[in-house]
Amino acid sequence: MRIATWNVNSIRSRQEHLLRWLAAAQPDVLGLQETKVEDGLFPQAAIEAAGYETAISGQKSYNGVALLSRLPLEDVRIGFAALLPGDQEAEQLGEQKRVISASVEGVRILNLYVPNGSDLKSDKYNYKLAWLNCLNRYLTVQRQQGEPLCMMGDFNIALEDIDLANPSRHNGGIMASAPERQALRACIGTDLEDAFRLFETEAGHWSWWDYRSGAWDRDQGWRIDHIYISEELQQLAMGCMIHKSERGELKPSDHAPVSIDIGDGAEEEDNF
DNA sequence: ATGACTAGGTCACCTAGA
């Protein structure tokens, strides 16, 4: 099973990119972030025609997440509140559409668009930290359900200094500050692993390049799009890659897709 | 220290992204 995540920076501006990439990369499940469209205007028909069913949670202009799958999407859950009934903050945070999850072949897929935070001195930064704390409460409930977990999305955090091109310049700033890194590490816990780092330990691998300043041409990026998997899936993980060439297309998203290949056990036996 | 680009929305400058 190939599972992927992609911040498309507007589904309507990226529809042709998306359809081309689905055909080329053949993901079974794809989590999208920043769809930037209310549900009624989501281009569902074109995606279904490509063989993918959809689960969407969008809003006008900002945010918005979706799951696309060519395997059945089961038990779709939208927002933190789905697992945190009575949690006032989960309810509040649900105004921004950043969380969608579904079960696919027994794997719980959690697709996230973590707030950017803007600036350490801004209210948005506090919102980001509160959001991550709420994610932690959500994950406590999710873990109790005992499903293998694949948590992915645009985390807007470079966890380590090797995850950004210019750590000294951005030292402690937004997407690289200690409090947000700690808040994300608390969510990851000891059971989840950053799938990309199971296969690649070196610096120099980015998933986002700023549109400005020729960041793409200079390959000055950040690795802020992640896939975290629980222990059962770590055993079956066969590879994790960043589809960097997507960022070099005409009118690209500023993020590249990231995918993981998970064997089903039977597949591995066939290979040996 | 700031801005650069891109997208959406109300409409030609603004907010927001990261």
Side-chain angles (χ1 to χ4, degrees), chain A residues 5-18 21 31-43 56-66 93 95-99 111-132 135 152-181 183-184 196 203-226 242 244 246-258:
Chain A
T5 173
W6 194 6
N7 179 323
V8 288
N9 185 18
S10 169
I11 183 73
R12 288 176 294 176
S13 287
R14 228 62 66 196
Q15 186 176 326
E16 296 314 312
H17 301 71
L18 172 66
W21 189 75
L32 300 176
Q33 306 89 37
E34 279 206 273
T35 54
K36 292 186 172 180
V37 68
E38 54 200 303
D39 293 350
L41 297 175
F42 190 91
I56 60 181
S57 177
Q59 66 187 94
K60 198 173 177 176
S61 306
Y62 308 117
N63 310 312
V65 286
L93 294 171
E95 290 173 11
Q96 297 187 15
K97 305 307 179 192
R98 299 173 175 276
V99 179
N111 179 36
L112 303 174
Y113 175 43
V114 178
N116 168 264
S118 186
D119 183 285
L120 267 55
K121 294 185 292 293
S122 72
D123 289 343
K124 290 177 186 174
Y125 182 67
N126 292 326
Y127 186 93
K128 183 179 198 174
L129 295 177
W131 195 96
L132 288 165
L135 172 61
M152 64 186 183
D154 175 1
F155 286 82
N156 272 319
I157 295 170
L159 255 194
E160 310 281 346
D161 284 350
I162 57 169
D163 294 319
L164 62 153
N166 201 336
S168 55
R169 178 183 170 179
H170 299 284
N171 188 25
I174 195 65
M175 300 197 292
S177 71
E180 60 192 295
R181 282 176 168 175
L184 178 53
F196 188 77
H205 301 273
W206 324 126
S207 66
W208 173 78
W209 294 259
D210 201 319
Y211 284 126
R212 302 166 293 182
S213 313
W216 168 250
D217 293 326
R218 294 184 294 117
D219 196 25
Q220 300 278 293
W222 298 58
R223 194 177 70 85
I224 56 177
D225 300 271
H226 309 150
I242 299 169
K244 184 176 177 179
E246 242 343 281
R247 182 62 178 80
E249 294 287 341
L250 202 61
K251 300 282 277 178
S253 167
D254 43 357
H255 296 254
V258 181

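Below, read A as the first sequence line, B as the second, and so on, with proteins coming before strands; counting in each chain starts at 1.
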**OP:** Ignoring hydrogens and angles, tell me if any N or O in the side chain of A:His17 forms a donor-acceptor pair with the backbone of A:Lys251 under 3.5 Å.
**Re:** yes
Subject >> Rounded P spacing from B:dT10 to B:dT15 in Å >> reply: 15 Å
**OP:** Can you sort out the partners of A:Tyr113 under ring pair (Phe, Tyr, Trp, His ring centres under 6.0 Å), two or more places apart, ordered by chain and number?
**Re:** none
**OP:** Mind calculating the distance between CG (A:Leu250) and P (B:dA7) to the nearest angstrom?
**Re:** 10 Å
Subject >> Atom-to-atom span, NE2 of A:His17 to C1' of B:dT6 - whole angstrom >> reply: 12 Å
Subject >> For A:Pro115, side-chain contact (heavy atoms from CB on, under 4.5 Å) partners two or more places apart >> reply: A:Arg98, A:Tyr127, A:Lys128, A:Trp131
Original post:
If only side-chain N and O atoms of A:Arg169 are considered, is one of them under 4.0 Å from the OP1 or OP2 phosphate oxygen of B:dT2?
Top reply: no
Original post:
Going 5' to 3' along nucleotides 10-18 of chain B, which nucleotides have protein heavy atoms under 4.0 Å from the base (write B), which only from the sugar-phosphate (write S), and which from neither (write -)?
Top reply: S-----SBB
Subject >> Length of the line joining A:Ile11:CD1 and B:dA7:P, which is rounded to integer Å >> reply: 13 Å
Subject >> Gap in Å between the two P atoms, one belonging to B:dA18 and one to B:dC13, rounded >> reply: 26 Å
**OP:** Kindly indicate whether the side chain of A:Tyr211, heavy atoms from C-beta on, has any atom under 4.5 Å from the side chain of A:Asn9.
**Re:** yes
Original post:
What salt bridge (charged side-chain N to carboxylate O under 4.0 Å, His left out) pairs are there with at least one residue in residues 6-17 of chain A, not counting sequence neighbours?
Top reply: none
Original post:
With A:Arg212, which residues qualify under side-chain contact (heavy atoms from CB on, under 4.5 Å), at least two apart?
Top reply: A:Asp210
Original post:
Of all residues at least two apart in sequence or in a different chain, which pass the side-chain contact (heavy atoms from CB on, under 4.5 Å) check with A:Trp222?
Top reply: A:Ala158, A:Leu164, A:His170, A:Met175, A:Ala176, A:Trp208, A:Ile224
Original post:
With rounding to whole Å, what would you report as the distance between B:dA7 and B:dA12 at their C1' atoms?
Top reply: 15 Å
**OP:** Go through the structure and list residues passing side-chain contact (heavy atoms from CB on, under 4.5 Å) with A:Ala256, not counting sequence neighbours.
**Re:** A:Trp209, A:Ile242
Subject >> Side-chain donor/acceptor contact of A:Ser10 with base of B:dA7 under 3.5 Å >> reply: no
**OP:** Let me have DNA chain B in dot-bracket notation, would you? Count Watson-Crick plus G-U wobble pairs, both distances under 3.5 Å, and use [ ] for pairs crossing earlier ones and | for inter-strand partners.
**Re:** ....(((((...))))).
Original post:
Which pairs count as salt bridge (charged side-chain N to carboxylate O under 4.0 Å, His left out) when at least one residue sits in residues 111-121 of chain A, sequence neighbours excluded?
Top reply: A:Asp119-A:Lys121
Original post:
In whole Å, what separates the P atom of B:dT2 from that of B:dT6?
Top reply: 23 Å
Original post:
Looking across every strand, which nucleic acid part, if any, lies under 4.0 Å from A:Ser213 by heavy atom: base, sugar-phosphate, or nothing?
Top reply: base
Original post:
Between B:dA1 and B:dC14, how far is it from one P atom to the other, in whole Å?
Top reply: 25 Å
